[in-house]
Participant: 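Encoded as structure tokens, here's the structure I'll be asking about.
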Amino acid sequence: MTGGAPAQAELCAVVLAAGEGTRLRPLTERVPKALCPVGNVPLLERALARLTGLGLAGPNRVAVNACYLGDQVVAHVGDRAHLSVEPGDPLGTAGGVANLRDWIDGRPVLVGNADAYLADPAAPPGPDVAALLDGWDGHTVRLLGQPAADPAAPGTFAGHVFTGFSLLPWRLVRDLPVVFSDLVRAVWRPAEAAGALTVVPYPGTFIDTGTPADYLAANLHAAAGGSLVEESATVTGRCVESVVGAGARVDGDVSRTVVWPGATVRAGERLRNVIRAGSDLTVPCPAQG
């Protein structure tokens, strides 16, 4: 590092994609949370595209961790990123980064949650989070955030909620143990207590896709008030404010619904505020708005 700031070429990135997504069950009994599609694009693919938009791509610059249903993550990523497959149970956000210590190898690291849905109409993916890197001194912790409805609520940082990306200096990554642990307690809160944590506001839309209702909300946001129907899908029924995946077939009536790739909605079925997977799984969501 020179001049007290990390050069862009020195930065690496880690996408966290190992979690089980328990709140999205039973959807995540079939597909890992990181590969659940939003707007017909897997969440992990959205995260990788955002990094590409920052100039970070390839196995020397980007790593993805995997564990739960990890074979699906490995197959999806292929040789586009370095893969860190965690044996047994997931190591958590801090443990997952620690497990990549040899790969990170002295570099500052941008850590992103695969399940964070971000969209800014004023900037494409990548440039929309570039403010997180601008002017960074390479020594403090930075979090991407948005003002919280209750600035004093537990889990907030400087009155903000975390929106999926953090920037960590090597000195705080170097000594992390490879055990189950999370970045909140292992890195962020200690840095905050030391006056070495800054929150950079994200101006666009952020949705944590952890619950069926929020996952549906992210899909509806991606559809921008209309419907997104993948070219290979077949729709003979009614489709309003919905997302229909590749190879899906909709012969019934869907509204504010996500129809997964390959799923079917039979004639006579009426689906609203749900997620349909396969031909037999319908996950209800609370009505939005």
Participant: Taking atom CG of Leu54 and atom CZ of Arg61, what is their separation to the nearest 0.5 Å?
Facilitator: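 If we round to the nearest 0.5 Å, Leu54:CG and Arg61:CZ are 10.0 Å apart.
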
Participant: Within the structure provided, determine whether Ser181 and Leu176 are in side-chain contact (heavy-atom separation under 4.5 Å).
Facilitator: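 Counting from C-beta outward, Ser181 and Leu176 never come under 4.5 Å.
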
Participant: Can any side-chain N or O of Thr257 pair as donor or acceptor with the backbone N or O of Ser242 at less than 3.5 Å?
Facilitator: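 Side chain of Thr257 to backbone of Ser242, a donor-acceptor pair under 3.5 Å: no, none is there.
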
Participant: I'd like to know if the side chain of Trp103 and the backbone of Pro59 have a donor-acceptor N/O pair within less than 3.5 Å.
Facilitator: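 Flag set: sc Trp103 to bb Pro59 pair under 3.5 Å.
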
Participant: Whether the side chain of Ser227 engages the backbone of Glu241 through a donor-acceptor N/O pair (distance < 3.5 Å, no angle test) should be reported.
Facilitator: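 Flag set: sc Ser227 to bb Glu241 pair under 3.5 Å.
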
Participant: Could you walk me through whether Val173 and Leu100 pass side-chain contact (heavy atoms from CB on, under 4.5 Å), step by step?
Facilitator: CA-CA 9 Å; Val173 172; Leu100 279 157; over 6 Å; no

Participant: Atom CG in Leu183, atom CZ in Arg185: separation rounded to 0.5 Å?
Facilitator: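 The CZ atom of Arg185 is 11.0 Å from CG of Leu183, to the nearest 0.5 Å.
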
Participant: Would you say the side chains of Arg276 and Thr282 form a donor-acceptor pair under 3.5 Å?
Facilitator: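 Thr282 and Arg276 do have a side-chain donor-acceptor pair below 3.5 Å.
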
Participant: Does Arg238 reach the main-chain N or O of Ser255 with its side chain, forming a donor-acceptor pair under 3.5 Å?
Facilitator: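 Such a contact is absent between Arg238 side chain and Ser255 backbone.
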
Participant: Can you name the nearest heavy-atom pair linking Leu228 to Ala222, along with the distance?
Facilitator: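 Between these two residues, the closest heavy atoms are CD1-O, 3.6 Å.
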
Participant: Kindly compute the distance separating CG (Asp71) from NE2 (His76), expressed to the nearest 0.5 Å.
Facilitator: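 So the CG of Asp71 and the NE2 of His76 are separated by 13.5 Å.
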
Participant: Heavy-atom distance under 4.5 Å between the side chains of Leu167 and Pro108, does that happen here?
Facilitator: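 No, every pair of side-chain atoms sits at 4.5 Å or beyond.
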
Participant: Is it true that atom CG of Asp79 has more than 12 heavy atoms of other residues, nucleotides or ligands lying nearer than 6.0 Å?
Facilitator: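 Open: at most 12 neighbouring heavy atoms sit under 6.0 Å from CG of Asp79.
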
Participant: Short question: side chain of Arg101, backbone of Arg174 - any donor-acceptor pair under 3.5 Å?
Facilitator: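 Here the side-chain-to-backbone pair exists.
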
Participant: Name each donor-acceptor pair under 3.5 Å that joins a side chain in residues 32-40 to protein atoms two or more places apart or in another chain, with its distance.
Facilitator:
from, atom 1, to, atom 2, distance (Å)
Lys33, NZ, Asp115, OD2, 2.7
Asn40, ND2, Val244, O, 3.0

Participant: Check whether any side-chain heavy atom of Cys285 sits under 4.5 Å from a side-chain heavy atom of Val274, and report yes or no.
Facilitator: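 No, every pair of side-chain atoms sits at 4.5 Å or beyond.
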
Participant: Mind checking the OG1-CG spacing from Thr163 to Asp208? Nearest 0.5 Å is all I need.
Facilitator: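 Separation between the atoms: 10.5 Å.
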
Participant: Taking side chain as C-beta onward, heavy atoms only, is Leu11 less than 4.5 Å from Arg107?
Facilitator: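 Sidechains of Arg107 and Leu11: no contact.
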
Participant: Counting C-beta onward and ignoring hydrogens, is there a side-chain heavy-atom pair between Pro169 and Val141 closer than 4.5 Å?
Facilitator: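 Pro169 vs Val141: side chains touch.
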
Participant: Quick check: does any side chain N or O of Thr28 sit under 3.5 Å from a backbone N or O of Gly21, one acting as donor and the other as acceptor?
Facilitator: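 Yes, because the side chain of Thr28 sits within donor-acceptor range (under 3.5 Å) of the backbone of Gly21.
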
Participant: Using a 3.5 Å distance criterion without hydrogens, assess whether the side chain of Glu45 forms a donor-acceptor pair with backbone atoms of Pro42.
Facilitator: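 No; judged by distance alone, with no hydrogens or angles, the pair does not exist.
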
Participant: Just do the salt bridge (charged side-chain N to carboxylate O under 4.0 Å, His left out) check on Asp280 and Arg30 with the steps written out, would you?
Facilitator: CA-CA 12 Å; Asp280 58 343; Arg30 303 182 178 207; 3.1 Å; yes

Participant: Measure from the side-chain N and O atoms of Thr156 to the backbone N and O of Pro154, and report whether any donor-acceptor pair falls under 3.5 Å.
Facilitator: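 No.
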
Participant: Hey, does Leu27 have a side-chain heavy atom less than 4.5 Å from the side chain of Trp260?
Facilitator: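 Sidechains of Leu27 and Trp260: in contact.
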
Participant: I'd like to know if the side chain of Asp128 reaches the main chain of Gly126, judged simply by a donor and an acceptor atom lying under 3.5 Å from each other, with no hydrogens or angles considered.
Facilitator: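 Present.
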
Participant: Donor-acceptor pair, Tyr202 side chain versus Ala119 backbone, under 3.5 Å?
Facilitator: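 Yes; at least one donor-acceptor contact below 3.5 Å.
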
Participant: Nearest 0.5 Å please: distance from the CG atom of Asn60 over to the CG atom of Asp105.
Facilitator: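 One finds 11.5 Å between CG of Asn60 and CG of Asp105.
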
Participant: Please tell me if the side chains of Pro90 and Glu20 come closer than 4.5 Å, counting only heavy atoms from C-beta onward.
Facilitator: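 Pro90 vs Glu20: side chains touch.
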
Participant: For a 4.5 angstrom cut-off between non-hydrogen side-chain atoms, does Ile275 reach Asn219?
Facilitator: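 They are not in contact (no side-chain heavy atoms under 4.5 Å apart), so the answer is no.
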
Participant: Between Arg23 and Thr211, is a side chain to side chain donor-acceptor pair (under 3.5 Å) present by the stated rule, with each step listed?
Facilitator: CA-CA 5 Å; Arg23 293 179 297 163; Thr211 66; 5.7 Å; no

